[in-house]
Amino acid sequence: MPVHSSPLGELRKVGSMKIGIIGAGNIGGNLTRRLTALGHEVAVANSRGPQTLTALAEETGAKPVPASEAARGAQVVVVTVPLKAVPDLPAGFLDGASEGVAVIDTGNYYPQQRDGRIAAIEDGLPESRWTEQQIGRPVVKAFNGTYAQDILDRGRPQGTPGRQALPVAGDDPKAKQAVRDLIDALGFDTVDSGGLDESWRQQPGTPVYGSQGDVDAIVKALSEASQERSAEWRA
């Protein structure tokens, strides 16, 4: 496994889980690196096929699979693809997941930069609620405002002063707690940012988006969020 120059050795390990990661870009790739290093069994997929993931698999020990198989037997599934690609995910890709699977949505709506206009989101539907509707399963919103490099470099043991915190939104308390426990094992505190209808508080353009702050800073940033999108984040 790769060793990164941060004090991760003291981080607690949770029990090994099967984790599926769909999307092997910056966030998906670095989550693959960290979660395999924690001892989890990771299956990783992208839109181009498992043959394009050989280098990541050799580096991490993760298993490259088609997107239709990434969730098979998984207790946690991370969906980390461009928002415009969510409707193109294989039909029923979550059908083979473990009962009670926690589905993490890391996505963001970038209408001008990448995704084009999505009318429901423009009309005020939270981004992760839209994703949930597309895939037909409840999701937990996490990692969407986190720099990919932070996943590798900024994890710290529990109780470290100033430990970076991540906001987590979702409607299912068990799934949300599973995600918060996983994030803690990765070396970060978490803040419960409410149900999915409140997840606009961590969308692009809000104070918490891109924050590297601790729990107090994240709580403050969430409280200062406005539901009104600025022009930069509208189609």
Side-chain angles (χ1 to χ4, degrees), residues 1-14 16-50 52-65 67 70-71 74-83 85-86 89 102-108 110 113-114 128 131 139-158 160 163-168 178-190 202 204 208-213 218:
M1 301 295 179
V3 177
H4 301 285
S5 56
S6 59
L8 295 169
E10 299 175 27
L11 294 179
R12 69 182 182 87
K13 291 198 175 186
V14 296
S16 177
M17 294 189 292
K18 281 192 172 184
I19 298 175
I21 298 179
I22 301 175
N26 294 333
I27 294 287
N30 285 351
L31 283 174
T32 298
R33 291 177 177 94
R34 289 294 303 122
L35 292 169
T36 51
L38 286 173
H40 296 294
E41 183 181 336
V42 176
V44 61
N46 65 8
S47 61
R48 295 179 295 141
T52 65
L53 296 170
T54 302
L56 183 62
E58 290 177 350
E59 176 191 347
T60 63
K63 181 181 180 182
V65 296
Q75 292 138 295
V76 175
V77 175
V78 183
V79 178
T80 180
V81 301
L83 225 65
V86 169
L89 290 169
V103 181
I104 300 174
D105 170 34
T106 77
N108 292 305
Y110 299 129
Q113 300 88 343
R114 182 190 66 194
S128 287
T131 295
V139 303
V140 177
K141 188 178 190 73
F143 297 109
N144 73 291
T146 309
Y147 293 108
Q149 195 63 33
D150 288 354
I151 294 170
L152 296 184
D153 294 345
R154 289 180 60 86
R156 299 292 185 268
Q158 269 186 1
T160 302
R163 193 188 199 208
Q164 184 172 334
L166 279 58
V168 180
V179 174
R180 296 181 73 180
D181 288 346
L182 193 65
I183 292 171
D184 178 49
L186 286 166
F188 302 90
D189 286 337
T190 58
Q202 63 195 77
V208 82
Y209 181 76
S211 174
Q212 296 174 316
I218 297 306

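Atoms considered below: every heavy atom in the structure, side chains included; atoms not considered: hydrogens, waters and symmetry mates.
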Point-to-point distance, once rounded to the nearest 0.5 Å, from [atom1] of [X] to [atom2] of [Y]:
X: Leu186; Y: Leu35; atom1: CG; atom2: CG; result: 5.0 Å
X: Gln149; Y: Asn26; atom1: CD; atom2: CG; result: 9.0 Å
X: Tyr209; Y: Asn144; atom1: OH; atom2: CG; result: 7.5 Å
X: Arg163; Y: Thr190; atom1: CZ; atom2: OG1; result: 8.5 Å

Test item: side-chain donor near acceptor, [X] and [Y], under 3.5 Å:
X: Gln158; Y: Asp184; value: yes
X: Asp105; Y: Ser128; value: yes
X: Thr52; Y: Asn46; value: yes

task: For residues Ala148 and Ile27, report the shortest heavy-atom separation together with the two atoms involved.
output: CA-CD1, 3.7 Å
task: Assess whether atom OH of Tyr147 is packed by more than 12 heavy atoms of other residues, nucleotides or ligands within 6.0 Å.
output: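 Open: at most 12 neighbouring heavy atoms sit under 6.0 Å from OH of Tyr147.
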task: Kindly write out the residues that satisfy side-chain contact (heavy atoms from CB on, under 4.5 Å) with Gln75, not counting sequence neighbours, or none if the list is empty.
output: Met17, Lys18, Ser98
- prompt: Is there a side-chain hydrogen bond (donor to acceptor under 3.5 Å, both in side chains) between Asp189 and Gln164 once you walk through the steps?
  reply: CA-CA 6 Å; Asp189 286 337; Gln164 184 172 334; over 6 Å; no
field: Whether Lys141 side chain and Gly107 backbone form a donor-acceptor pair below 3.5 Å
entry: yes
field: Test log, rule side-chain contact (heavy atoms from CB on, under 4.5 Å), inputs Lys63 and Val44
entry: CA-CA 6 Å; Lys63 181 181 180 182; Val44 61; over 6 Å; no
- request: Return the set of residues passing side chain to side chain donor-acceptor pair (under 3.5 Å) with Thr131 (not counting sequence neighbours), or none when no residue passes.
  value: none
message: Exactly one of Leu31, Thr106, Leu166, Asn30 should register a side chain to side chain contact (heavy atoms under 4.5 Å, CB included) with Thr146. Which one does?
response: Leu166
- prompt: Pick one: which of Leu56, Leu53, Thr32, Thr54 meets side chain to side chain contact (heavy atoms under 4.5 Å, CB included) with Pro64?
  reply: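 That would be Leu53; it is the only one of Leu56, Leu53, Thr32, Thr54 passing the side chain to side chain contact (heavy atoms under 4.5 Å, CB included) with Pro64.
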